[in-house]
Each structure stands twice: as structure tokens, then as C-alpha cells.
Amino acid sequence: KNARKQFTTSNYNIRTHPAQEWEFVVRPKDGVMYPHTPKNKTKWPDNCGWRGEHGRDVVSLEDLMKRDDVKEIQRLAELRDEEIITLRLYTGPMFVLYNASLRG
């Protein structure tokens, strides 16, 4: 039920929900327009209302984990794949829900 409950970030004005963010981070679908994408803000939809200097590109977890820089960070920090997922979720719009829960 809560996985599809919409919320809006105050900083970038992104409207999304946890299920959509999980999909974006773990296994994005082709042809889906995810909030705050692409990274190049000149390609954002007109009147979307999003704020920020840039957005985010759609990259599947599988593709991200193939990148040499990510492999090196994961090795040095001894991160498990689940922790990479958590970091990607937290550094996106989901920080709003995580911080609300942690800070009360």
C-alpha cells in the first residue's frame, strides 16, 4: 500500500513513490519516463516543475555494477550489492522518506 503512495520532494519538486524509485534503481523499464530524467535538463518535459542544475540518467543496477569506477568503490568500501542499492535509493528522492523516518 505505502509502496505506491506518492510524495513530492521539497528541494527538486519530484513527485514519485517508493515502488517507482525501486524500479528506477534496480530494473528500469524501457520507454518509461521516470521523474527528474534525463540528466540533461534541457531535455526535461515542458512545465514539469522539476528544479535543480541537472537530473539523473536511467541506469540499470546490472549496468551500473559493470562500471570500473563502481567496482573499485565497492571493493574499497567492501559494499554488498544491497548496500549499493540502498545508496542509490538514498541519494535520490527516497531520502525524503528515509530522513522523515529517522528524524521523526
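FYI, side chains are in, hydrogens and waters are out, and symmetry mates aren't considered; it's all heavy atoms of this structure.
- With rounding to the nearest 0.5 angstrom, the CG atom of Leu87 is 10.0 Å from the CD1 atom of Ile73.
- Between Leu64 and Arg88, the closest side-chain pair of non-hydrogen atoms falls below 4.5 Å.
- Nearest heavy-atom pair across Thr9 and Val96 is CG2-CG2, 3.5 Å.
- Using a distance-only test at 3.5 Å, with no hydrogens or angles considered, a donor-acceptor pair links the side chain of Asn13 to the main chain of Gly49.
- Not one N or O on the side chain of Gln6 forms a donor-acceptor pair closer than 3.5 Å with the backbone of His17.
- Atoms CG and OH, from Leu89 and Tyr98 in turn, are 4.0 Å apart once rounded to the nearest 0.5 Å.
- Distance alone, capped at 3.5 Å, is enough to place a donor-acceptor pair between the Arg56 side chain and the Pro35 backbone.
- A distance-only check finds no donor-acceptor pair linking the side chain of Glu72 to the backbone of Asp69 [under 3.5 Å].
- More than 12 non-hydrogen atoms from other residues, nucleotides or ligands lie less than 6.0 angstrom from CD of Glu82.
- Under a 3.5 Å cut-off, the side chain of Arg51 and the backbone N or O of Asn11 do form a donor-acceptor pair.
- Counting heavy-atom neighbours within 6.0 Å of Lys39 NZ, excluding the residue itself, gives a total of 12 or less.
- Of the candidates Tyr34, Trp44, Tyr12, Trp50 forms a ring-ring contact (aromatic ring centres under 6.0 Å, His included) with just one, namely Trp44.
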